[in-house]
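Below is one structure; the comments refer to it alone.
In what follows, every chain begins at residue 1, and chains take the letters A, B, ... in the order their sequences are listed.
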Number of protein chains: 2
Amino acid sequence: MITTSEDVAKHAGVSRATVSQILNGRGQRFAEATRDRVNQAARELGYEPSSAGRTLARGSSDFVIALIPHTTFGPTLQDFFSRMTDELATHGLTLVLRLSTPSAASLGRVIASMKPAAVFSLTRFTDEERALIGSRGVLGLDPDSTGDTDYNHAIGLLQGRTLIAHGHRRLAFAHLADARQDPFGADRELGLRDACLEAGLPEPESIGLDVTPDDAARALDELSGTGIAVACYNDDVATALLSAATRRGWRVPEDLALIGMDHTTLGRLTLPPLTTLDFDLETAAEAAIERILTTTGHADATQHPQRHAALRVVPGGSI
Amino acid sequence: MITTSEDVAKHAGVSRATVSQILNGRGQRFAEATRDRVNQAARELGYEPSSAGRTLARGSSDFVIALIPHTTFGPTLQDFFSRMTDELATHGLTLVLRLSTPSAASLGRVIASMKPAAVFSLTRFTDEERALIGSRGVLGLDPDSTGDTDYNHAIGLLQGRTLIAHGHRRLAFAHLADARQDPFGADRELGLRDACLEAGLPEPESIGLDVTPDDAARALDELSGTGIAVACYNDDVATALLSAATRRGWRVPEDLALIGMDHTTLGRLTLPPLTTLDFDLETAAEAAIERILTTTGHADATQHPQRHAALRVVPGGSI
DNA sequence: CTGAAAGCGCTTACAG
DNA sequence: CTGAAAGCGCTTACAG
C-alpha cells in the first residue's frame with residue numbers, strides 16, 4: 001500500500017542505495033539511463049520518502065518549525081507563511097507552524113522529537129527559547145541571529161519620523177495592554193524613541209490599552225493633554241483611540257494625531273481614514289526564505305541578492 | 001549529547017525494551033521498583049524520545065496536523081489552537097499547524113512523510129483532501145466525519161432566527177467577496193436559508209463585498225432597497241456595511257439591520273454597536289480535543305460527556 | 001558506475 | 001517479571 005524506496009528500487013532494477021542517491025540529487029555520477037529509470041519509477045509509484053526513515057538516518061529532519069507569535073494572524077501573516085510553505089517545499093523542506101507558548105518547555109519537547117532543520121521566528125527568541133534551541137544543536141533563526149533588518153524597530157522609527165515631518169513635537173507610543181498581544185511593542189517603541197532622539201525631541205510618552213471604547217477613553221486620559229501625536233501598535237489601537245477621541249469631541253489630527261500600522265481594511269473605514277504603515281511582505285518573506293535555504297545548505301548564498309524589506313507610509317487623514 | 005533510550009536503559013540497569021514499555025504506559029507488569037528506576041533515569045537525563053524512531057517502529061507518528069483555513073486567524077482561533085496544542089501534548093500528541101492551500105498536493109506530501117496520527121480541520125475537507133487522507137490510511141477529522149455540530153450552519157441559523165425574532169422579514173446574507181476569506185460562508189448562508197424556511201419567509205438575498213468603503217457601498221446597491229436585515233459573514237463585513245450605510249444616510253437598524261459574527265473588539269466601537277454572535281470556543285475546543293483523543297485511542301470515549309458548542313447572541317444596537 | 005552492509009532510535013512479538 | 005532479536009525506511013561510507 002505504501003511505497004518504499006525498496007519498491008522503487010525493484011521497479012527500476014537497482015539497489016536502494018542508488019535510489020536514495022539519485023532521488024536526493026547526488027546522482028551525477030550515475031548513468032543517465034539509470035537516473036531516468038529511477039525517477040520514472042518513483043513517479044509511477046507515487047513514491048514519497050518517509051520522513052521518519054530519513055530523519056533517523058540523517059540525524060535531522062526536513063522540517064522547519066515556524067514559531068508564530070500570539071498576535072492577530074491576519075491576511076498579512078497568512079500570506080507570509082503561505083509563501084514560505086510553498087517556497088520551502090520546492091526545496092524539500094516542510095514548514096510547520098507552532099503557536100509560541102509562554103513556556104518554552106513544550107517547544108523543547110517538539111524540537112527534541114522532531115529534530116527540525118531549523119526553527120524560525122519573526123520575533124526575537126526569548127532567552128529560554130534560545131538556550132533550548134542551542135542545547136539541542138538546532139539552527140535557530142530570529143531577527144537577531146540572521147542579522148536581518150529589525151523590522152519592528154524600523155516601524156517605530158518610521159512612525160516617529162513621519163509624525164515629526166508633519167510638524168508634531170510631542171509624541172507617544174500606544175501599546176496593546178495585553179502583553180501577549182503586544183509582542184512587537186517594545187521594539188517599536190524603541191524605534192519611536194530613536195526618532196525623537198535624532199530630532200532632539202523629548203522622549204515619547206507611553207500608554208497601553210485594550211481595544212474597547214472605555215479603555216481607549218481611559219488611555220486618552222493618561223496622555224498629558226491634547227496636541228500629542230500617537231504612534232500606535234496597530235490600526236486597531238489607532239481605531240480605538242480615534243473612536244474615543246471623536247466621542248469626547250477631540251479633533252483628529254488637530255487635538256490628537258494618530259499613525260497606525262498594518263494598513264488594515266478596517267482602518268480605511270474610519271473618519272478620517274487612518275494614516276498608517278504598510279509592510280512589504282513579499283520582500284520580507286523573500287529574505288526570510290533565502291536565509292533559511294542558505295543556512296540549511298539548500299541554496300547558494302549568492303543566488304539571490306539580499307533585499308531590504310520595505311515599509312511604506314500610507315497617507316490618510318489622521319496626522 | 002542527545003539522550004537515547006539506550007542511555008536511559010543503562011542508567012536504570014535494564015534493557016531498552018523495558019524502558020520503552022514503561023515510558024509508554026505499558027509498564028503495569030513490571031516491578032514497581034523497576035518502573036521507578038526507569039522513570040527516574042528518564043527524568044534525570046532529560047530524555048525525550050525521538051519521534052523518528054518511534055514513527056518508524058510504529059508506522060505512524062504522534063503528530064496531529066491541524067489544517068488552518070485561509071481566514072483571519074484572530075485571538076479566537078489562536079486560543080482554540082493554543083488550547084488544543086497544550087491538551088494534546090499532555091497525551092503525547094504533538095499538534096502542528098498547516099495552512100490549508102488551494103492544492104491538496106502539498107498536503108499529500110506532508111501526510112506521506114509525517115504519517116500523522118490524525119488530520120484535523122475545523123472546516124469540511126474538500127473531496128480532494130478527503131481522498132488523499134483516505135488513501136494514506138490516515139485518520140481524518142472534520143465536522144462531517146466527527147458528526148460534530150456543524151457550527152457554521154448553526155451560526156447562519158441563529159443569525160436568521162434572531163433577526164426574525166426582532167420582526168425582520170426580508171433577509172440577506174453578506175459574504176466576503178474573496179472566496180479564500182469566506183471559507184464558512186456557504187454553510188452559514190444555508191443556515192440562514194433554513195431560518196427563513198422555517199418561518200415561512202422568502203429565500204434570503206445574497207451579496208458579497210470587500211471590506212472597503214467603496215465596495216461596501218456598491219454591495220448596498222445590490223440589495224433590493226432598504227428595510228432589509230443582513231446576516232454578515234463576520235463583524236468586519238458588518239462594520240463595512242454599517243459604515244457605508246451611515247455615509248449614505250441610511251439609519252441602522254431602521255433602514256438596514258445588521259447582525260455580525262465573532263464579537264470582535266472593533267465591532268464594539270461602531271455607532272450603533274453591532275449586534276453579533278459569540279462562539280463559545282472553550283466548549284468547541286473541548287469537543288474537538290476529545291474527538292481526537294478518543295479516535296486515536298488516547299482516551300476513553302466515555303471519559304467526558306460530549307458537550308455542545310454554545311453560540312450566544314451579543315446584544316447591540318444594529319438589529 | 002553501482003550495491004552490500006551497517007546503523008539511525010525506537011517498538012513489538014516472542015522466549016524464558 | 002525482563003531481555004535478545006528483528007524490523008520499521010532510510011542514508012552513508014565503503015568496496016568493488
Side-chain angles (χ1 to χ4, degrees), chain A residues 1-38 41-42 45-63 92 94 111-115 117 136-137 297, chain B residues 1-38 41-42 45-63 92 94 111-115 117 136-137 297:
Chain A
M1 169 109 207
I2 281 158
T3 313
T4 69
S5 75
E6 175 90 56
D7 300 331
V8 176
K10 270 192 194 134
H11 200 85
V14 297
S15 75
R16 283 156 69 216
T18 302
V19 168
S20 172
Q21 305 273 21
I22 290 179
L23 258 29
N24 287 307
R26 260 179 291 289
Q28 311 81 316
R29 48 192 175 123
F30 290 92
E32 175 148 4
T34 310
R35 269 182 282 167
D36 289 349
R37 275 211 317 281
V38 168
L45 299 177
Y47 172 62
E48 295 290 352
S50 149
S51 167
R54 164 176 300 183
T55 301
L56 212 47
R58 285 229 260 244
S60 89
S61 72
D62 290 330
F63 293 116
T94 301
I111 290 179
S113 87
M114 292 187 82
K115 312 216 184 308
R136 302 288 184 184
Chain B
M1 167 114 210
I2 282 158
T3 312
T4 69
S5 75
E6 174 90 56
D7 300 332
V8 177
K10 270 193 195 131
H11 201 83
V14 298
S15 74
R16 284 157 67 217
T18 302
V19 169
S20 173
Q21 305 273 21
I22 291 179
L23 259 29
N24 288 305
R26 259 181 290 290
Q28 311 83 315
R29 47 191 174 123
F30 291 91
E32 176 148 4
T34 310
R35 269 183 282 168
D36 289 349
R37 275 211 317 282
V38 168
L45 300 178
Y47 172 63
E48 294 291 350
S50 149
S51 167
R54 164 176 299 184
T55 301
L56 212 47
R58 285 229 260 244
S60 88
S61 72
D62 289 330
F63 294 117
T94 302
I111 289 179
S113 86
M114 293 188 80
K115 312 219 186 306
R136 302 288 185 186

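- The distance from atom CE of A:M114 to atom P of C:dG9 is 18 Å, rounded to the nearest whole Å.
- Atom CG in B:L56 sits roughly 9 Å away from atom C1' in C:dG9 (whole-Å rounding).
- Put simply, CZ on B:F30 is 10 Å from P on D:dC1, counting in whole angstrom units.
- When the C1' atom of D:dT11 is taken as reference, atom CG of A:D62 falls 12 Å away, rounded to whole Å.
- Contact between the side-chain N/O atoms of B:S50 and the OP1/OP2 oxygens of C:dG9 is not found at any separation under 4.0 Å.
- When distances run from any side-chain atom of A:A57 to the nucleotides C:dC1, D:dT11, C:dG9, the shortest one goes to D:dT11.
- Atom CG of B:D62 is separated from atom OG1 of B:T55 by 6.5 Å, given to the nearest 0.5 angstrom.
- Here C:dG3 presents its C1' atom at 14 Å from CZ of A:R37, a figure rounded to the nearest Å.
- Neither OP1 nor OP2 of C:dC8 sits under 4.0 Å from any side-chain N or O of A:T55.
- Among the nucleotides C:dG3, D:dT11, D:dG9, the one closest to the side chain of A:V14 is C:dG3.
- The backbone N or O of A:F30 sits nowhere less than 3.5 Å from a side-chain atom of A:T34 that would complete a donor-acceptor pair.
- Comparing B:T18 and A:Q21 against DNA chain D, the residue whose closest nucleotide sits nearer the 5' end is B:T18.
- Whole-Å rounding puts the B:N24 CG to C:dT11 C1' distance at 8 Å.
- Across all strands shown, nothing is found opposite C:dA13 as a Watson-Crick or G-U wobble partner with both distances under 3.5 Å.
- One can place CD of A:E6 at 10 Å from C1' of D:dG9, the figure rounded to the nearest angstrom.
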Query raised in the report: What do the steps show when you test B:F63 against A:M114 for side-chain contact (heavy atoms from CB on, under 4.5 Å), and what is the final call?
Result: CA-CA 10 Å; B:F63 294 117; A:M114 292 187 82; 3.3 Å; yes
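- Comparing D:dG3, C:dT2, D:dG9 by their nearest atom to the side chain of B:S15 picks out D:dG3.
- Within 4.0 Å of B:S51, counting heavy atoms only, lies no atom of the nucleic acid at all.
- A 4.5 Å side-chain heavy-atom check between B:Y47 and B:L23 finds at least one atom pair inside the cut-off.
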Query raised in the report: Where do B:N24 and B:R54 land on the side-chain contact (heavy atoms from CB on, under 4.5 Å) test, with the steps shown first?
Result: CA-CA 11 Å; B:N24 288 305; B:R54 164 176 299 184; 3.0 Å; yes
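- Across all strands shown, A:A17 has heavy atoms under 4.0 Å from base atoms, whether or not it also approaches the sugar-phosphate.
- Pairing partner, D:dA4: none, since no Watson-Crick or wobble contact has both distances short of 3.5 Å.
- The distance between atom CD of A:E32 and atom P of C:dC1, rounded to the nearest whole Å, is 11 Å.
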